[in-house]
Engineer: 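If you scroll down you'll find the structure; I have some questions about it.
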Amino acid sequence: MRRFFFLSSILANVLLAGSLWYLVQHLGGFQYALSRLRHDESALYRSRSSLFRQLPEQRGAVVMLGDSQIAQCEWQELLDDSLPVLNRGITGDHVAGVLARMEDVLRNRPARLYLCVGVNDLLFGKTAETIAPVYREMVAKIRSGAPDTRLTLMSVLPVNNTIKKIGIQNADIQALNVQIQEIAKQYAIPYLDLYNQLTDAQGNLISACTDDGLHLNGQGYLVWKKAMDKQL
(Lines give C-alpha, C1' and ligand atoms only; values in the text may rest on other atoms or scores of the structure.)
Protein backbone atom coordinates (compact mmCIF):
# COMPACT_ATOMS: atom_id res chain seq x y z
CA MET A 1 0.00 0.00 0.00
CA ARG A 2 2.84 2.36 0.90
CA ARG A 3 4.49 1.59 -2.44
CA PHE A 4 1.20 2.38 -4.22
CA PHE A 5 0.92 5.80 -2.59
CA PHE A 6 4.58 6.49 -3.35
CA LEU A 7 4.11 5.70 -7.04
CA SER A 8 0.86 7.67 -7.13
CA SER A 9 2.66 10.69 -5.67
CA ILE A 10 5.40 10.47 -8.28
CA LEU A 11 2.84 10.17 -11.06
CA ALA A 12 0.90 13.18 -9.76
CA ASN A 13 4.08 15.28 -9.63
CA VAL A 14 5.03 14.24 -13.15
CA LEU A 15 1.58 15.18 -14.41
CA LEU A 16 1.73 18.52 -12.60
CA ALA A 17 5.18 19.29 -14.01
CA GLY A 18 4.00 18.31 -17.48
CA SER A 19 0.94 20.53 -17.19
CA LEU A 20 3.04 23.49 -16.06
CA TRP A 21 5.51 22.91 -18.89
CA TYR A 22 2.66 22.82 -21.44
CA LEU A 23 1.09 25.98 -20.01
CA VAL A 24 4.37 27.90 -20.09
CA GLN A 25 5.06 26.79 -23.65
CA HIS A 26 1.52 27.70 -24.68
CA LEU A 27 2.00 31.20 -23.28
CA GLY A 28 5.27 31.78 -25.11
CA GLY A 29 7.98 29.75 -23.38
CA PHE A 30 10.04 30.13 -20.22
CA GLN A 31 11.65 33.37 -21.38
CA TYR A 32 8.22 34.95 -21.77
CA ALA A 33 7.09 33.59 -18.39
CA LEU A 34 10.16 35.07 -16.67
CA SER A 35 9.53 38.38 -18.38
CA ARG A 36 5.95 38.46 -17.11
CA LEU A 37 7.13 37.67 -13.58
CA ARG A 38 9.65 40.51 -13.68
CA HIS A 39 7.25 43.10 -15.10
CA ASP A 40 4.00 43.77 -13.28
CA GLU A 41 1.90 45.00 -16.20
CA SER A 42 -0.99 46.07 -14.00
CA ALA A 43 1.40 48.34 -12.08
CA LEU A 44 2.77 49.62 -15.38
CA TYR A 45 -0.76 50.39 -16.55
CA ARG A 46 -1.47 52.37 -13.36
CA SER A 47 1.78 54.33 -13.50
CA ARG A 48 1.52 55.17 -17.20
CA SER A 49 -2.15 56.14 -16.88
CA SER A 50 -1.28 58.35 -13.92
CA LEU A 51 1.47 60.04 -15.93
CA PHE A 52 -0.82 60.67 -18.89
CA ARG A 53 -3.39 62.31 -16.60
CA GLN A 54 -0.77 64.76 -15.29
CA LEU A 55 0.56 65.82 -18.68
CA PRO A 56 -0.77 69.13 -20.04
CA GLU A 57 -3.43 69.13 -22.74
CA GLN A 58 -2.19 69.46 -26.29
CA ARG A 59 -5.25 70.35 -28.32
CA GLY A 60 -5.11 69.34 -31.96
CA ALA A 61 -2.30 66.81 -31.52
CA VAL A 62 -1.91 63.47 -33.26
CA VAL A 63 -2.52 60.61 -30.80
CA MET A 64 -1.14 57.09 -31.18
CA LEU A 65 -3.24 54.88 -28.91
CA GLY A 66 -2.90 51.23 -27.98
CA ASP A 67 -0.64 48.60 -26.45
CA SER A 68 3.10 47.81 -26.63
CA GLN A 69 3.16 48.03 -30.43
CA ILE A 70 2.35 51.72 -29.96
CA ALA A 71 4.30 52.24 -26.74
CA GLN A 72 7.63 51.01 -28.11
CA CYS A 73 7.94 53.48 -30.97
CA GLU A 74 9.24 57.07 -31.02
CA TRP A 75 6.33 58.33 -33.10
CA GLN A 76 7.15 62.03 -33.10
CA GLU A 77 10.55 61.36 -34.64
CA LEU A 78 9.36 58.58 -36.94
CA LEU A 79 6.40 60.45 -38.41
CA ASP A 80 8.13 63.84 -38.48
CA ASP A 81 4.68 65.42 -38.31
CA SER A 82 4.12 69.17 -38.15
CA LEU A 83 1.69 68.52 -35.28
CA PRO A 84 2.76 67.23 -31.85
CA VAL A 85 2.46 63.44 -31.70
CA LEU A 86 1.40 61.95 -28.36
CA ASN A 87 2.33 58.35 -27.59
CA ARG A 88 -0.52 56.88 -25.55
CA GLY A 89 0.50 53.24 -25.75
CA ILE A 90 0.85 51.05 -22.67
CA THR A 91 2.58 47.70 -22.75
CA GLY A 92 0.14 44.88 -21.96
CA ASP A 93 -2.94 47.02 -22.53
CA HIS A 94 -6.15 45.58 -23.95
CA VAL A 95 -9.43 46.93 -25.28
CA ALA A 96 -11.07 47.40 -21.87
CA GLY A 97 -7.96 49.13 -20.56
CA VAL A 98 -7.92 51.58 -23.45
CA LEU A 99 -11.64 52.20 -23.00
CA ALA A 100 -11.11 52.97 -19.31
CA ARG A 101 -8.60 55.74 -20.08
CA MET A 102 -10.37 57.18 -23.09
CA GLU A 103 -11.49 60.37 -21.34
CA ASP A 104 -7.91 61.40 -20.70
CA VAL A 105 -7.06 60.78 -24.36
CA LEU A 106 -10.01 62.76 -25.67
CA ARG A 107 -9.35 65.83 -23.50
CA ASN A 108 -6.64 66.67 -26.05
CA ARG A 109 -9.28 66.89 -28.81
CA PRO A 110 -6.85 65.21 -31.25
CA ALA A 111 -6.71 66.25 -34.88
CA ARG A 112 -5.98 62.63 -35.73
CA LEU A 113 -6.16 59.49 -33.61
CA TYR A 114 -4.71 56.11 -34.61
CA LEU A 115 -5.92 53.06 -32.67
CA CYS A 116 -4.12 49.70 -32.57
CA VAL A 117 -5.08 47.26 -29.80
CA GLY A 118 -6.41 43.73 -29.29
CA VAL A 119 -3.49 41.30 -29.43
CA ASN A 120 -3.27 41.00 -25.64
CA ASP A 121 -6.96 40.13 -25.42
CA LEU A 122 -6.27 37.22 -27.78
CA LEU A 123 -3.18 36.24 -25.83
CA PHE A 124 -5.25 35.70 -22.71
CA GLY A 125 -7.92 33.60 -24.33
CA LYS A 126 -10.57 36.00 -25.57
CA THR A 127 -12.12 35.47 -28.98
CA ALA A 128 -12.70 38.00 -31.75
CA GLU A 129 -16.43 37.83 -31.03
CA THR A 130 -16.00 38.74 -27.35
CA ILE A 131 -13.47 41.50 -28.08
CA ALA A 132 -15.56 43.22 -30.75
CA PRO A 133 -18.32 44.68 -28.50
CA VAL A 134 -15.78 46.43 -26.26
CA TYR A 135 -13.85 47.61 -29.31
CA ARG A 136 -17.09 49.00 -30.75
CA GLU A 137 -17.74 50.79 -27.45
CA MET A 138 -14.30 52.43 -27.71
CA VAL A 139 -15.07 53.72 -31.18
CA ALA A 140 -18.49 55.00 -30.12
CA LYS A 141 -16.91 56.88 -27.23
CA ILE A 142 -14.36 58.50 -29.53
CA ARG A 143 -17.02 59.48 -32.06
CA SER A 144 -19.25 61.04 -29.39
CA GLY A 145 -16.46 62.61 -27.30
CA ALA A 146 -14.37 63.96 -30.18
CA PRO A 147 -16.56 64.09 -33.31
CA ASP A 148 -14.08 66.29 -35.22
CA THR A 149 -11.14 63.94 -34.67
CA ARG A 150 -10.05 61.96 -37.71
CA LEU A 151 -10.01 58.43 -36.31
CA THR A 152 -8.20 55.56 -38.04
CA LEU A 153 -8.59 51.96 -36.93
CA MET A 154 -5.44 49.93 -37.51
CA SER A 155 -5.33 46.17 -37.86
CA VAL A 156 -3.73 43.99 -35.21
CA LEU A 157 -0.30 42.92 -36.43
CA PRO A 158 0.66 39.35 -37.35
CA VAL A 159 2.96 37.20 -35.19
CA ASN A 160 5.73 34.78 -36.07
CA ASN A 161 5.57 31.59 -34.02
CA THR A 162 8.64 30.15 -35.78
CA ILE A 163 10.82 32.74 -34.04
CA LYS A 164 9.14 32.26 -30.67
CA LYS A 165 5.92 30.59 -29.61
CA ILE A 166 3.71 33.58 -28.95
CA GLY A 167 0.66 31.67 -27.72
CA ILE A 168 -1.76 32.86 -30.39
CA GLN A 169 -2.26 31.99 -34.04
CA ASN A 170 -2.48 34.36 -36.99
CA ALA A 171 -5.87 32.89 -37.86
CA ASP A 172 -7.23 34.34 -34.60
CA ILE A 173 -5.65 37.71 -35.38
CA GLN A 174 -7.21 37.67 -38.83
CA ALA A 175 -10.62 36.92 -37.30
CA LEU A 176 -10.24 39.94 -35.00
CA ASN A 177 -9.16 42.14 -37.89
CA VAL A 178 -12.33 41.17 -39.76
CA GLN A 179 -14.32 42.43 -36.77
CA ILE A 180 -12.31 45.67 -36.61
CA GLN A 181 -12.79 46.25 -40.32
CA GLU A 182 -16.54 45.74 -39.94
CA ILE A 183 -16.64 48.31 -37.13
CA ALA A 184 -14.74 50.73 -39.36
CA LYS A 185 -17.32 50.25 -42.10
CA GLN A 186 -20.17 50.67 -39.64
CA TYR A 187 -18.84 54.06 -38.50
CA ALA A 188 -17.45 55.11 -41.92
CA ILE A 189 -13.94 55.27 -40.43
CA PRO A 190 -10.69 54.63 -42.32
CA TYR A 191 -9.18 51.19 -41.72
CA LEU A 192 -5.42 50.78 -42.13
CA ASP A 193 -4.45 47.21 -43.00
CA LEU A 194 -0.99 46.75 -41.51
CA TYR A 195 -1.44 42.99 -41.20
CA ASN A 196 -1.02 42.13 -44.88
CA GLN A 197 1.84 44.58 -45.32
CA LEU A 198 3.81 42.83 -42.58
CA THR A 199 3.26 39.17 -43.51
CA ASP A 200 5.61 36.93 -45.48
CA ALA A 201 4.70 34.26 -48.03
CA GLN A 202 3.88 31.81 -45.20
CA GLY A 203 1.52 34.27 -43.54
CA ASN A 204 3.85 35.08 -40.63
CA LEU A 205 5.16 38.41 -39.38
CA ILE A 206 8.16 39.13 -41.62
CA SER A 207 11.25 37.94 -39.76
CA ALA A 208 13.26 41.00 -40.83
CA CYS A 209 10.67 43.19 -39.08
CA THR A 210 10.81 41.54 -35.65
CA ASP A 211 13.30 40.16 -33.15
CA ASP A 212 10.90 38.29 -30.87
CA GLY A 213 8.09 37.23 -33.22
CA LEU A 214 5.62 39.68 -31.68
CA HIS A 215 6.96 43.22 -31.51
CA LEU A 216 8.31 45.25 -34.38
CA ASN A 217 11.88 46.39 -34.76
CA GLY A 218 13.03 49.49 -36.62
CA GLN A 219 12.45 47.94 -40.03
CA GLY A 220 8.93 46.98 -39.03
CA TYR A 221 8.09 50.50 -37.91
CA LEU A 222 9.33 51.86 -41.23
CA VAL A 223 6.74 49.64 -42.96
CA TRP A 224 4.13 51.02 -40.58
CA LYS A 225 5.17 54.62 -41.33
CA LYS A 226 4.97 54.05 -45.09
CA ALA A 227 1.46 52.68 -44.70
CA MET A 228 0.39 55.77 -42.74
CA ASP A 229 2.06 58.12 -45.25
CA LYS A 230 0.28 56.39 -48.09
CA GLN A 231 -3.09 56.75 -46.39
CA LEU A 232 -2.52 60.45 -45.70
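Here, residue 1 is the first one in the sequence, and each next residue gets the next number.
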Engineer: Under the salt bridge (Lys or Arg N to Asp or Glu O under 4.0 Å) test, which residues partner Asp104, sequence neighbours left out?
Structural biologist: Arg107
Engineer: Could you pull out all residues at least two apart from Arg101 that satisfy salt bridge (Lys or Arg N to Asp or Glu O under 4.0 Å)?
Structural biologist: Asp93
Engineer: Just jot down the salt bridge (Lys or Arg N to Asp or Glu O under 4.0 Å) partners of Arg112, sequence neighbours excluded, or say none.
Structural biologist: Asp81
Engineer: Restricting to pairs with a member in residues 142-181, which pass ring pair (Phe, Tyr, Trp, His ring centres under 6.0 Å), not counting sequence neighbours?
Structural biologist: none
Engineer: Which side-chain N or O atoms in residues 137-148 pair as donor and acceptor under 3.5 Å with protein atoms at least two apart or in another chain?
Structural biologist:
unit_1	atom_1	unit_2	atom_2	d
Arg143	NH2	Thr149	O	2.4
Ser144	OG	Ala140	O	3.1
Ser144	OG	Lys141	O	3.2

Engineer: I'd like to check the side-chain hydrogen bond (donor to acceptor under 3.5 Å, both in side chains) partners of Thr210; sequence neighbours left out, ordered by chain and number.
Structural biologist: Asp212
Engineer: Mind checking what makes side-chain hydrogen bond (donor to acceptor under 3.5 Å, both in side chains) contact with Asn196, not counting sequence neighbours?
Structural biologist: Asp193
Engineer: Per the ring pair (Phe, Tyr, Trp, His ring centres under 6.0 Å) rule, what does the pair list look like for residues 154-195, sequence neighbours excluded?
Structural biologist: none
Engineer: Could you list the residues that satisfy salt bridge (Lys or Arg N to Asp or Glu O under 4.0 Å) with Asp211, not counting sequence neighbours?
Structural biologist: none
Engineer: Check residues 225-232 and write down every donor-acceptor pair under 3.5 Å in which the side-chain atom is one partner and the other belongs to a residue at least two apart or another chain.
Structural biologist:
unit_1	atom_1	unit_2	atom_2	d
Lys225	NZ	Asp229	OD2	2.7

Engineer: Under 3.5 Å, side-chain donor or acceptor atoms of residues 60-74 against the rest of the protein: list the pairs with distances, not counting sequence neighbours.
Structural biologist:
unit_1	atom_1	unit_2	atom_2	d
Asp67	OD1	Gln69	N	3.1
Ser68	OG	His215	NE2	2.9
Gln69	NE2	Leu214	O	2.7

Engineer: Once ring pair (Phe, Tyr, Trp, His ring centres under 6.0 Å) is applied, do any residues pair with Tyr221, and if so which ones, sequence neighbours excluded?
Structural biologist: Trp75, Trp224
